[in-house]
Number of protein chains: 2
Amino acid sequence: MSVMTVQLAGRLARRGDVALGDRCAVDRTFQVVGNRTAMLLLREAFYGATRFEQLVKRVGVTEAVASQRLKELVAAGVLAKQPYREPGQRTRFEYVLTPAGHELVPVLLGLLQWGVRHLPDPTGQVAVTHDGCGAEVRAALRCADGHDVEEDEVVIRGDVAR
Amino acid sequence: MSVMTVQLAGRLARRGDVALGDRCAVDRTFQVVGNRTAMLLLREAFYGATRFEQLVKRVGVTEAVASQRLKELVAAGVLAKQPYREPGQRTRFEYVLTPAGHELVPVLLGLLQWGVRHLPDPTGQVAVTHDGCGAEVRAALRCADGHDVEEDEVVIRGDVAR
DNA sequence: CGGCTGGCTTGAGATGTCCATAGCCAGGAC
DNA sequence: GTCCTGGCTATGGACATCTCAAGCCAGCCG
């Protein structure tokens, strides 16, 4: 077990040409939310849709695909499948964001906002703003101590078995 | 042109079952960085790789795919293809993040950190920390006025032609 | 000149993700 | 019981993306 520190940006410690530190965390996350349907399901869950039919209609995907992706999202711990019963109805299931799912919201809104800024839709304009002050919202980096973190202050450290 | 406000979360204004406000910004962004190779190329560009051969080797993808994705990323304004010349060499090109590309870094690191937290790699451990204080780094939302923005303080407002 | 290297391009085949359509099942409503 | 609805599952085909393998071109090196 060797320990390697990757200091960003530009001052990158590497051994050979292999990406150290990360290796495959981005890959693994992408296995879960790296497809259109999963990301749109996540968006709709964030917007407040919970029921299967609702999700299918809003995402605009077939039931087969929605079913498959929802299963994967539940397995990955992004969504939870919870029973609920409306009066006079049988027990059904709804899909709600787990705490881990909520942690993906900055990523989701980062993608949304980036598209709004850099790939504008010619047929309509969208703004993502802060409810209190009306200013534009963007994804940023913050550390657990509450500091704003700039790109060059990020350290990715990996204890990678070799 | 009608204007609709989508207030999150749970207190969502909708008309019918169509997602308002966003419509397709997430989709459009996903056209650019919604595939494994593009995201990994972005990661390596962030880590400091610039040359074609370097990117190919580190991402672990074939030259054909790398060439294709790099072209798309350049077309989308995420990377810039710049000429450079090492002494005694002919002019070559390097790929560097544009300002728009740098704006995707919080998204990229958000995905990375989410994978580190929720999909741990059994063969090694990785940490993403703040250089100054050593605390864990995560993606968060911040508005242009500098406020921290919570999930339920986000307003997505769309002027959507119908 | 011919060889080598970096930076691609092209083609064939595997795999993944999508859509459309159809069908299954449980449990109220009748 | 039969119908209907919500929530899936199954099949087939289209298209995107990946891999492997081969080849092309520019320019420096000998």
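In this text the structure is predicted, and so the values were computed from the model without any measurement. Computed from heavy atoms alone, side chains included, the values below leave out hydrogens, waters and symmetry copies. The sequence lines fix the lettering, A, B, ..., with proteins before strands; numbering per chain opens at 1.
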Just to verify, what does [X] make a side chain to side chain contact (heavy atoms under 4.5 Å, CB included) with, not counting sequence neighbours?
{"X": "A:Val56", "value": "A:Phe52, A:Glu63, A:Ala66"}
{"X": "A:Ala140", "value": "B:Arg142"}
{"X": "A:Glu150", "value": "A:Asp152, A:Glu153"}

How many whole angstroms separate atom [atom1] of [X] from atom [atom2] of [N]?
{"X": "A:Gln54", "N": "D:dT5", "atom1": "CD", "atom2": "P", "answer": "18 Å"}
{"X": "B:Lys57", "N": "C:dC8", "atom1": "NZ", "atom2": "P", "answer": "16 Å"}
{"X": "B:Leu40", "N": "D:dC18", "atom1": "CG", "atom2": "P", "answer": "9 Å"}
{"X": "B:Leu70", "N": "D:dC18", "atom1": "CG", "atom2": "P", "answer": "12 Å"}
{"X": "A:Leu73", "N": "D:dC8", "atom1": "CG", "atom2": "P", "answer": "13 Å"}
{"X": "A:Arg92", "N": "C:dG27", "atom1": "CZ", "atom2": "C1'", "answer": "8 Å"}
{"X": "A:Phe30", "N": "D:dT17", "atom1": "CZ", "atom2": "C1'", "answer": "13 Å"}
{"X": "B:Phe93", "N": "C:dT9", "atom1": "CZ", "atom2": "P", "answer": "12 Å"}

TODO: Using atom types as modelled and distance alone, determine if a side-chain donor or acceptor of A:Gln68 lies under 3.5 Å from a backbone N or O of A:Val65.
DONE: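 Not a single qualifying donor-acceptor pair exists.
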Task: Side-chain (A:Thr129) to main-chain (A:Gly134) donor-acceptor, under 3.5 angstrom - done: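 No, A:Thr129 side chain to A:Gly134 backbone: no donor-acceptor pair under 3.5 Å.
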Open item on the list: Please pick, from C:dA20, D:dT19, C:dC8, the nucleotide with the shortest atom-to-atom distance to any side-chain atom of A:Thr62.
Closed with: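 Closest nucleotide to the A:Thr62 side chain: C:dA20.
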Task: Residue A:Thr37, side-chain heavy atoms: nucleotide from C:dC8, C:dC18, D:dC20 that is nearest - done: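 Closest nucleotide among those given: C:dC18.
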- [ ] Not counting sequence neighbours, list each pair that qualifies as a salt bridge (charged side-chain N to carboxylate O under 4.0 Å, His left out) and has a residue in residues 72-81 of chain A.
- [x]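 Pairs touching residues 72-81 of chain A that pass the test: A:Arg69-A:Glu72.
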Shorter than 3.5 Å, N or O on both sides, protein versus nucleotides 9-13 of chain D: list them out with atom names.
unit_1, atom_1, unit_2, atom_2, d
D:dT9, OP2, A:Ser67, OG, 2.7
D:dT9, OP2, A:Lys71, NZ, 3.3

Can I get a per-line list of side-chain donor-acceptor pairs under 3.5 Å for residues 98-112 of chain A, giving both atom names and the distance, sequence neighbours left out?
unit_1, atom_1, unit_2, atom_2, d
A:Thr98, OG1, A:Gly77, O, 2.5
A:Thr98, OG1, A:Val78, O, 3.1
A:Thr98, OG1, A:Ala100, N, 3.3
A:Thr98, OG1, A:Gly101, N, 3.0
A:His102, ND1, B:Glu151, OE1, 2.9
A:His102, ND1, B:Glu151, OE2, 2.7
A:Glu103, OE1, B:Arg117, NE, 3.0
A:Glu103, OE1, B:His118, NE2, 2.8
A:Glu103, OE2, B:Arg117, NH2, 3.2

Open item on the list: Taking 4.0 Å as the cut-off, does a side-chain nitrogen or oxygen of B:Tyr95 come that near to OP1 or OP2 on C:dC8?
Closed with: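 So the side chain of B:Tyr95 is within the cut-off, an N or O lying under 4.0 Å from OP1 or OP2 of C:dC8.
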Open item on the list: Classify B:Val61 by what it touches in the nucleic acid, base, sugar-phosphate, or nothing, heavy-atom distance under 4.0 Å.
Closed with: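 Since only primed, P, OP1 and OP2 atoms lie under 4.0 Å of B:Val61, the category is sugar-phosphate.
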TODO: Using a heavy-atom cut-off of under 4.0 Å over every strand shown, decide if A:Gly60 touches base, sugar-phosphate, or nothing.
DONE: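 Sugar-phosphate only.
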